[in-house]
Each structure stands twice: as C-alpha cells, then as structure tokens.
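Notes follow the structure.
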Amino acid sequence: MNNTINNTINNTIIRCMSLLGLCVTLTLAQTPSKTPDEIKQILNNYSHKNLKLIDPPTSSLEATPGFLPSPKETATTINQEIAKYHEKSDKAALGLYELLKGATTNLSLQAQELSVKQAMKNHTIAKAMFLPTLNASYNFKNENRDTPEFKHYNTQQLQAQVTLNVFNGFSNVNNVKEKSATYRSTVANLEYSRQSVYLQVVQQYYEYFNNLARMIALQKKLEQIKTDIKRVTKLYDKGLTTIDDLQSLKAQGNLSEYDILDMQFALEQNRLTLEYLTNLNVKNLKKTTIDAPNLQLRERKDLVSLREQISALKYQNKQLNYYPKIDVFDSWLFWIQKPAYALGGYGNFYPGQQNTAGVTATLNIFDDIGLSLQKQSIMLGQLANEKNLAYKKLEQEKDEQLYRKSLDIARAKIESSKASLDAANLSFANIKRKYDANLVDFTTYLRGLTTRFDAEVAYNLALNNYEVQKANYIFNSGHKIDDYVH
C-alpha cells in the first residue's frame, strides 16, 4: 500500500513539473523580442537579493560621448590654471612685491611713523635745554595813596633776564640720552610693526592661492559630476540603472557647489584682508615666490625696541639726583616812567636803567625721600623690562630653531606630495586608457580623476606652505621679509 502511495505522489510531482515547464514555454513564446540568450544575460546581470543591476552592459553611451571632456582639457593641471589665472582678468595683476610695497602705506604704520616723528621732536627739545633762557617783562602800575603828597601817579618798567644752567647733576645730559634711546626704541618698534604687517600680507597672499587651488579642484570635480549626471540620466531613461545612482550623483553635485561657495567666500575674505593691509585695490593677483632665507639668527626689532626702553629708564633714573642746581644770570632793568616821588636824592634808588649779573645755587633739602621713592619705582620698571627682554631672547632662539625645522618639514612635504602626485598621475593615466577601451566604468574614471585633483591640491598647498614657512623663519630670525621678495 505504501508503494502505491509513493507512486501516486511521484506521478503528481511529474505532472506539476510538466505543467510548469509548459507555462514557462508559453510565456517565452509570447515575448518574441527576448531570445533565450538575452533572457539568460538579463538574469545574470541581476542580483536576486536586491534586484539591482550589477555592472550594466556597455552601451553606445559609454563609448566616447560628446559631453565628455577632451583629453587636452583633462590634462590641464591646477598648477597651470593658477599660473594663468590672473590672465582671465583685465585688471593689473599684483605680485607679492607690489603688495609689500603697498603695505608701507598701511594706516597703522602711518600712525607708528608719526610716533617716530614725535620722539624725534622730544629729542630735539631735550637738546634745547642746554640753551640759555631769555625772559622779558613789562610792568605798568597805577598808584593811589592816602599820603599828603604824590597821592596819584603811574609807573612803567621794562625788564629782561638771561639765565644759563651750568650744573644740575648732568640731568640735561641724561635727558638727551633718554630721549635718544626712546627715539631708537620707537624706530625699532616701527620696523617690527612693518615686518609684522608684511608677514600678515604673505600669509593672506598664499592662503589666497591655497583657496584658489581648492576652488579650481572643486570646479573640475563638479564638471565631471555634471558629465556623469548626463550619462547616468541617459542610462536611467533606458532602464539600465536605478534612480538611487542618479540621485546620489546629484547630491554630490549640490555638495560640491556648496563647497565652491565656501571657497569663493574664503577668497573674498583673503582679498579684502589684503586690501586693508596694503591700502591697495586688490582685484587680481599673480603668484610669486620668496627667496631662500639666510639661516642666521639676528636680534629681532621688538627686542631692540625693548632694550632701548631699558636704556631710556636708566637715563631717566639718572636725571633724579641729589646735587645742587647752579645757574648764572644777567638781568637788565629800564624804568620807562619812574614814581612821582623819585626826585632829588631819592632818584638814586630809581636809576633809568640797571644791569645785574649773578649766580644762583639751589639745593632741595626736604625732597630726598620722594626722590628716592621715584628712583626705586623707575628701577623696578627697569628690572621688569630686563626680565622680559631675557625671556623674549630665549623665545626668539627657540622660534628660530622651530621655524628652521619647519623649513625642513615643508621641503619634505613637497617631496612627499610630489611623489603622491606622480603616483596619482600614473594611476589616472592607466585608468583613462582602460576607460577609453571601455574596460572600467565612469565612476572608476571619476574616482581616479578626483584623486589626481586632490593630489594636485595637496602639492599646491605644500608649495605655498613652504613659502609661508620661509616668511615665518625670516620674521622670527630677525631678518627683513622685503629683502627676500623681488
């Protein structure tokens, strides 16, 4: 009985399989446009897990579409575009030399220059203290008295006096020395401020070209994404790809446009910063380089300024002394109108004119305590500046070592990025040959091109970083940046 049941089941299964095969045959017969080979190919190109195309067949769209960039356009490097970027504008292109020259008219530097002129005037005034003083006075008096005689009369008197200080404990000498040290400090501070402005100009200048390299790379990437969007759109219209691929590319394009706007804002920020630093109308820039610095430590100008401030405090302290003050004078008196009672024998007390010469010695006895406290206060300020100077000298030595090392690292970065760029160019050349032979898809081609652009940007950033590090070393080692820019 069991055998009978098994035979019945087997027969049933055979009948069902036969009917299924018949249905499949009839279905294929109703679709004459699809041959068995085509059906087999379609099934092989589908993933049964997510029903998405895997490596869709190469169509005529992938051969060499007209909207693909030509090899000449693709081969244009970012370096070449940056070198010729200033030619796109009709405005005069400014290099680093012109920017530094314009920076000399910076408003903050003009204020510093006025401070230098003021210090020079103070020095001249101090030297004028050695000259004698000449004072002249005129007196008119109207007298009303209750005496029996000469109740009402007028007097007029003219007086002139020349005074010359011959000794004051060398206060005038030390005053001149103080003002001279202050002047030298102000001049050194002006030069330090000028070099600081130059360094800011260099940093903004090369940051501009950093952002320009990024923007050009983003623009090229966006061009390729738009090209791929056109291609994928045609594939999607023919049912050879999914909507996910198309929307993903559009999202990448929108993100690239967002990044480009950021770079445009950064470029505008760099340009406006250069304008207020240089007092120039910066509309177009051309890329130039800085000469290799002389690796030698010099005293930086802010240290010179601080050292001269210490000297000024020393001389200011010396002006406060306990010595007497000795002056010589010559006074001349002329009576224009004598008193009415200056008659007879009284006339001898009121001569028509009188000349008096003499010497005056003055000693301040009860000022010693206040004078001593003033000298102590100045000395404390001097000691504080000396400590600050020692600290800044040590800081400069460390900065010089640091930025000397940064030059080596910057050169190493150039070599590394250059090797990376060479590898990216070689890889892209191979990918492009395969792409031209339809051996890889456009996504792989775009990835290789993007990698090459990124490598070019990194190489440009490394070159610009080297220029900035040269400026940093020149500034911190006490050299002048404008001596290395031509």
Side-chain angles (χ1 to χ4, degrees), residues 78-114 189-219 259-293 300-302 403 406-407 410 456-477 479-486:
I78 296 177
N79 272 332
Q80 293 171 340
E81 291 215 13
I82 290 177
K84 297 181 179 180
Y85 194 81
H86 64 276
E87 298 177 358
K88 298 181 180 180
S89 174
D90 57 349
K91 304 294 183 181
L94 302 177
L96 188 55
Y97 176 80
E98 289 79 15
L99 292 176
L100 295 185
K101 188 176 180 180
T104 57
T105 63
N106 181 277
L107 295 179
S108 65
L109 295 182
Q110 292 183 27
Q112 293 278 356
E113 290 173 354
L114 292 176
N189 189 52
L190 169 62
E191 184 59 32
Y192 179 75
S193 299
R194 181 181 292 114
Q195 295 302 316
S196 297
V197 171
Y198 287 169
L199 181 61
Q200 294 179 59
V201 170
V202 170
Q203 292 170 344
Q204 290 294 326
Y205 176 76
Y206 286 108
E207 184 61 24
Y208 173 89
F209 286 103
N210 283 343
N211 291 326
L212 181 60
R214 295 187 183 103
M215 188 184 71
I216 292 175
L218 287 170
Q219 289 175 340
D259 292 337
I260 288 173
L261 291 176
D262 272 350
M263 287 301 102
Q264 289 176 346
F265 176 78
L267 286 170
E268 185 67 9
Q269 188 177 27
N270 297 141
R271 189 186 67 80
L272 293 177
T273 303
L274 286 172
E275 283 193 350
Y276 90 77
L277 285 174
T278 62
N279 264 353
L280 296 175
N281 189 13
V282 181
K283 295 298 183 183
N284 194 14
L285 292 174
K286 60 182 178 181
K287 190 174 181 181
T288 54
T289 59
I290 301 174
D291 295 343
R300 209 168 50 202
K301 291 302 180 180
D302 60 329
Y403 286 107
S406 72
L407 290 175
E456 283 198 57
V457 170
Y459 180 61
N460 273 274
L461 296 186
L463 291 175
N464 294 334
N465 176 65
Y466 180 53
E467 301 300 324
V468 173
Q469 295 308 321
K470 285 194 287 186
N472 285 333
Y473 180 84
I474 293 169
F475 175 78
N476 286 280
S477 62
H479 295 254
K480 294 183 179 181
I481 294 177
D482 46 320
D483 289 342
Y484 294 86
V485 177
H486 304 287

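The residues of the chain are indexed from 1 along the displayed sequence.
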**Complete:** Taken to the nearest 0.5 Å, the spacing of L99 CG from T104 OG1 works out to 11.5 Å

**Message:** Looking at K480 and D482, is any side-chain nitrogen of the basic one under 4.0 Å from a carboxylate oxygen of the acidic one?
**Reply:** no

**Message:** If I take atom CD from residue Q204 and atom CD from residue E275, how far apart are they, to the nearest 0.5 angstrom?
**Reply:** 12.0 Å

**Minimum heavy-atom distance K470-D291, with the two atoms named** = CD-O, 3.8 Å

**Asked** Quick check: does any side chain N or O of Q469 sit under 3.5 Å from a backbone N or O of S406, one acting as donor and the other as acceptor?
**Response** no

**Request:** Rounded to the nearest 0.5 Å, what's the gap from CG on L274 to CG on L280? Could you check?
**Result:** 9.5 Å

**Prompt:** Looking at A213 and V457, what are the two nearest heavy atoms and their distance?
**Reply:** O-CG2, 3.7 Å

**Prompt:** F475 pairs by ring pair (Phe, Tyr, Trp, His ring centres under 6.0 Å) with which of Y198, Y403, Y192?
**Reply:** Y192

**Prompt:** Could you walk me through whether L96 and V201 pass the side-chain contact (heavy atoms from CB on, under 4.5 Å) check?
**Reply:** CA-CA 8 Å; L96 188 55; V201 170; 4.3 Å; yes

**Request:** Determine, step by step, whether V202 and E467 satisfy the side-chain contact (heavy atoms from CB on, under 4.5 Å) criterion, reporting the C-alpha distance in whole Å, the side-chain angles of both residues, the deciding distance to 0.1 Å, and the verdict.
**Result:** CA-CA 8 Å; V202 170; E467 301 300 324; 5.9 Å; no

**Request:** Quick one: pull up OG1 in T273 and CD in E268 and give me the separation to the nearest 0.5 Å.
**Result:** 9.5 Å

**Request:** Return the minimal non-hydrogen interatomic distance between S193 and L109, and the atom names on each side.
**Result:** C-CD2, 3.7 Å

**Message:** Is it the case that the side chain of N284 and the backbone of A92 share a donor-acceptor pair, with hydrogens and angles ignored and the cut-off at 3.5 Å?
**Reply:** no

**Prompt:** What do the steps show when you test K101 against E98 for salt bridge (Lys or Arg N to Asp or Glu O under 4.0 Å), and what is the final call?
**Reply:** CA-CA 5 Å; K101 188 176 180 180; E98 289 79 15; over 6 Å; no

**Prompt:** Do L285 and Y208 have side chains that get closer than 4.5 Å, going by heavy atoms?
**Reply:** yes

**Asked** So, the side chain of N460 versus the backbone of E456: is there a donor-acceptor pair under 3.5 Å, distance only?
**Response** yes

**Item:** Atom pair CD/CG of Q203 and N464 - distance to nearest 0.5 Å
**Value:** 13.0 Å

**Prompt:** In terms of the angle between their ring planes, are H479 and Y484 parallel, tilted or perpendicular, with boundaries placed at 30° and 60°?
**Reply:** perpendicular

**Prompt:** Can a donor-acceptor pair be found between the side chains of N270 and N211 at a distance below 3.5 Å?
**Reply:** yes

**Prompt:** Could you go step by step and tell me if M263 and Q219 meet the side-chain contact (heavy atoms from CB on, under 4.5 Å) rule?
**Reply:** CA-CA 10 Å; M263 287 301 102; Q219 289 175 340; over 6 Å; no

**Item:** Atom pair CG (L94) and OG1 (T278), whose distance is rounded to the nearest 0.5 Å
**Value:** 7.5 Å

**Message:** I want to know whether Y206 and Y466 have ring centres closer than 6.0 Å.
**Reply:** no

**Message:** Once you measure the plane-to-plane angle for F209 and Y205, does it fall in the parallel (<30°), tilted (30-60°) or perpendicular (>60°) bin?
**Reply:** perpendicular

**Request:** For the pair Q200 and Q195, evaluate side-chain contact (heavy atoms from CB on, under 4.5 Å) and give the outcome as yes or no after the intermediate values.
**Result:** CA-CA 9 Å; Q200 294 179 59; Q195 295 302 316; over 6 Å; no

**Item:** Worked check of side chain to side chain donor-acceptor pair (under 3.5 Å) between N281 and K91
**Value:** CA-CA 10 Å; N281 189 13; K91 304 294 183 181; over 6 Å; no

**Request:** Heavy atoms only: give me the nearest Q112-L190 pair and the separation to one decimal.
**Result:** CB-CD1, 3.3 Å

**Request:** For L199 and N472, work out which heavy atoms get closest and say how close.
**Result:** CD1-OD1, 3.4 Å

**Prompt:** Less than 4.5 Å apart, any side-chain heavy atom of N279 and any of N106?
**Reply:** no

